[in-house]
Amino acid sequence: HRNGRDDIHIVPSSGGTATQMTFGQSDNTDLSWSPDDSQIAFISQVSEIDVFSNNLCLLSTGDGKVVQITHGDRANDRTPRWSPDGKQIAFISNRGDNDDIWLVKPDGTALHPWVQGDGEKGDPQWSPDGNWIAYTQFRKCEIEIWIAPIDGGEPRLIVKGGDNQAPRWSPDGSHLLFWHSAHNQPGNLWIKSIEKNSTDDAIQLTKVSEGQLETISFSTPTCLQYISKDGLTIEGLYYPSLLEDNNLAPAILWVHGGPNAKHVNTWYPLLQYLAQRGYAIFAPNYRGSTGYGRFFMEANIGAGVGGDIEDWVASAKLLREMPSIDGNRIAIAGPSAGGYAAQLVLGMVPDEFKAGISISGISEWFSYWEDTEITWTHRFRVKLMGEIAKNQALYRARSPLTYVKNISAPMLLLHGADDNGVPPGQSLQMANALKSLGKTGEIKIYPEEGHGFVGEKAITDAAQRIETFLGLYL
């Protein structure tokens, strides 16, 4: 990334000078060596129509020649994986609507879908003998691991429940190593037999936090669906409050970042911390989320901008209809795009939520455009809302600061001082605006933290501040 674009460089494993192999205006990433090391498959953002599409290319490591082997301005081809004999490449593509597994020969012929159907697929991995491919599949807010025979037979479910990632074959092809996490356990490595008639359970190999979590109660999430205002079906995870009393529980609408991401049944210690303190939580995969096909992911683009707000409002309605929830005590919170959502909603629909928490959120698109150091986010914003110079009214309409005068609910703003993606000035702008208008706002900037807190002190302090804030205002 030496010239503002991602290019491929090759350096000897023993060290030495890196040789640049790709040039031009396209980002070139996601590398995969051929079995004989003569070629590298990679993805290149070559489309002039869709700035987030990618096609597959091959780089000859001998003469540096690059050949594009898949085409399509709207296709997002990625994660190329060579077959052991080097005769085929498996990859993920949304050439239909869902992220499916496709196959192509290195010369670009025989391009065809291989595993299709509902559920986002990912991370295809060939078995050592080349007869199977293991892959992940997202369904009902969980990520499963499947295998399918290359001859076209029926896929077989190997691992389900929670968040299962990075399947890797054992050398003899009899087992899969994988990473597993869930609501009640952080990520660990596990291994499981792939034999069809095996009754063996998966074996846990690593034991992160062993002896520290066994006596703690965890909120078990349930995957729920609801219909948004325009009829679109939205899915999400509901975490019930763990306080056993007769009082109705306050609730938190937790909006994930991205927005091209998704909420999965994985390890979220902050959400468990809040559930243990009496809060029910709903985390929707609102429009713009990944995992539900390209149409759903792009449903908040252009004319669809604003539909995500309807999804968040409909999420609050879902919570209010639950007999265990106090409908007058609902907050909205989230990180990054979720923090932006909290700021925006408190101003655009000020009667919906009793409080808001923004973690590393954006408050104003014009200053963000100037200050962010992550240049690809400019291209992402162009895809969502068009060129900023030509669409100033839309950018202004989607900036939380535009509606700050409408905000009546208290707001907590948390940000990392070293966040170069969403600079802390975004939270400072909102905090200063709230203060100048005499509104209730609190802000904390954490030194040496970036976009997502990693230090123990910051993580602990943020959790305690959130708990105190919600205790006061919810």
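Rounded to the nearest 0.5 angstrom, T61 OG1 and W33 CH2 are separated by 5.5 Å. To the nearest 0.5 Å, atom CD of residue Q185 and atom CH2 of residue W267 are 9.0 Å apart. Here the straight-line distance linking atom OG of S53 with atom CG of D73 works out to 6.0 Å at 0.5 Å rounding. With rounding to the nearest 0.5 angstrom, the CH2 atom of W102 is 8.0 Å from the CG atom of D100. Rounding to the nearest 0.5 Å gives a distance of 5.0 Å between CG of L271 and CD1 of I281. Of the inter-residue distances, the one linking R396 atom CZ with N391 atom CG reads 11.5 Å to the nearest 0.5 angstrom.
Surrounding CD of E448 are at most 12 heavy atoms belonging to other residues, nucleotides or ligands under 6.0 Å away. Within 6.0 Å of the CZ atom in F295, the count of heavy atoms belonging to other residues, nucleotides or ligands does not exceed 12. Crowding of D97 atom CG: a count of heavy atoms from other residues, nucleotides or ligands under 6.0 Å exceeding 12.
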Residues Q45, D27; criterion side chain to side chain donor-acceptor pair (under 3.5 Å); working and verdict:
CA-CA 5 Å; Q45 191 276 301; D27 282 327; over 6 Å; no
Steps toward side chain to side chain donor-acceptor pair (under 3.5 Å) verdict (E370, S367):
CA-CA 5 Å; E370 295 296 327; S367 57; over 6 Å; no
Would F91 and W114 satisfy side-chain contact (heavy atoms from CB on, under 4.5 Å), going step by step from the backbone distance to the final call?
CA-CA 10 Å; F91 64 99; W114 179 63; over 6 Å; no
Stepwise side-chain contact (heavy atoms from CB on, under 4.5 Å) check, Q343 with L401
CA-CA 8 Å; Q343 295 186 42; L401 274 178; over 6 Å; no
Take L270 and I466 through the side-chain contact (heavy atoms from CB on, under 4.5 Å) test and state the conclusion after the steps.
CA-CA 10 Å; L270 176 59; I466 290 171; 4.0 Å; yes
Apply the test side chain to side chain donor-acceptor pair (under 3.5 Å) to residues N285 and H263: give CA-CA distance (whole Å), side-chain angles for both, the deciding distance (0.1 Å), then the verdict.
CA-CA 6 Å; N285 284 325; H263 191 86; 5.9 Å; no
I would like to know whether S181 and T266 meet side chain to side chain donor-acceptor pair (under 3.5 Å); could you show each step before the answer?
CA-CA 5 Å; S181 177; T266 192; 3.1 Å; yes
Between R139 and E120, does a salt bridge (charged side-chain N to carboxylate O under 4.0 Å, His left out) hold up when you go through it step by step?
CA-CA 8 Å; R139 296 195 307 171; E120 178 185 74; over 6 Å; no
Y239 vs Y268, test: side-chain contact (heavy atoms from CB on, under 4.5 Å). Steps then yes/no.
CA-CA 11 Å; Y239 299 77; Y268 289 107; 3.8 Å; yes
Salt bridge (charged side-chain N to carboxylate O under 4.0 Å, His left out) evaluation trace for K262 with E235
CA-CA 10 Å; K262 57 184 176 289; E235 189 174 74; over 6 Å; no
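The closest donor-acceptor contact from the side chain of K121 to the backbone of G119 lies under 3.5 Å. Judged by distance alone, with hydrogens and angles left aside, the side-chain atoms of Q137 form no donor-acceptor pair with the main-chain N or O of L157 at under 3.5 Å. Of the possible polar contacts, one joining the N94 side chain to the N76 backbone as a donor-acceptor pair under 3.5 Å is found. Proximity of a side-chain donor or acceptor of N260 to a complementary backbone N or O of G288 within less than 3.5 Å is detected. At distances below 3.5 Å, not a single donor-acceptor pair connects side-chain atoms of E142 with backbone N or O atoms of D163. For S399 (side chain) and E364 (main-chain N/O), no donor-acceptor pair under 3.5 Å exists by modelled atom type. When atom types are taken as modelled, the side chain of S228 and the backbone of L232 share no donor-acceptor pair closer than 3.5 angstrom. Judged purely by atom type and a 3.5 angstrom limit, D311 uses its side chain to pair as donor or acceptor with the backbone of R287. Formation of a donor-acceptor pair under 3.5 Å by the R81 side chain with backbone atoms of I133 is not found in this model. Panel note: side chain S360, backbone H451; no donor-acceptor pair is recorded below 3.5 Å.
Within the 4.5 Å cutoff, side-chain heavy atoms of P80 are placed close to those of D30. A heavy-atom distance below 4.5 Å is found between the side chains of I69 and V104. Contact annotation: the side chain of S289 approaches that of F296 to within less than 4.5 Å [non-hydrogen atoms, C-beta and beyond]. Here the side chains of P284 and L253 are in contact, with some heavy-atom distance below 4.5 Å. Counting heavy atoms from C-beta outward, W179 and N164 have side chains that stay 4.5 Å or more apart. Contact of the Y340 side chain with the S358 side chain is not registered, since no non-hydrogen atoms from C-beta on lie closer than 4.5 Å. Side-chain contact between V345 and V255 is absent, with no heavy-atom pair separated by less than 4.5 Å. Side-chain contact check for Q39 versus W82: some heavy-atom pair is nearer than 4.5 Å.
Between H180 and W190 the shortest heavy-atom distance is CB-CD1, 3.5 Å. The two residues P240 and S219 come nearest to each other via the heavy atoms O-OG, 2.8 Å. Heavy-atom minimum distance, Y226 versus A314: CE1-CB, 3.4 Å. Across every non-hydrogen atom of G130 and I150, the tightest pair is O-CG2, 3.6 Å. Pairing each heavy atom of G236 with each of F282, the nearest pair is C-CE1, 3.6 Å.
Residues satisfying the side chain to side chain contact (heavy atoms under 4.5 Å, CB included) test with T22, not counting sequence neighbours, are D7, I8, N28, F42, V66. Looking at residues two or more places apart in sequence or on another chain, you find a side chain to side chain contact (heavy atoms under 4.5 Å, CB included) between N55 and V46, Q68, T70, A75, D77, R95. The ring pair (Phe, Tyr, Trp, His ring centres under 6.0 Å) test applied to F138 returns Y292, not counting sequence neighbours.
Ring pair F218/H183 is perpendicular by interplanar angle, where above 60° counts as perpendicular and below 30° as parallel. Using bins of under 30°, 30° to 60° and over 60° for the plane-to-plane angle, the ring pair Y135/W146 lands in the parallel bin.
In this structure, the ring of Y368 has its center less than 6.0 angstrom from the ring center of W365. Note: H256 and Y286 meet the aromatic proximity criterion, with ring centroids under 6.0 Å apart.
Between R168 and D123, at least one side-chain nitrogen of the basic residue sits less than 4.0 Å from a carboxylate oxygen of the acidic one, meeting the salt-bridge criterion. Salt-bridge check for D107 with K87: failed, with every basic side-chain N at 4.0 Å or more from each acidic carboxylate O.
Tested against R78, the residues N54, T29, D99 include a single side-chain hydrogen bond (donor to acceptor under 3.5 Å, both in side chains) partner, D99.
Between the side chains of H415 and S427, at least one donor N or O lies within less than 3.5 Å of an accepting N or O.
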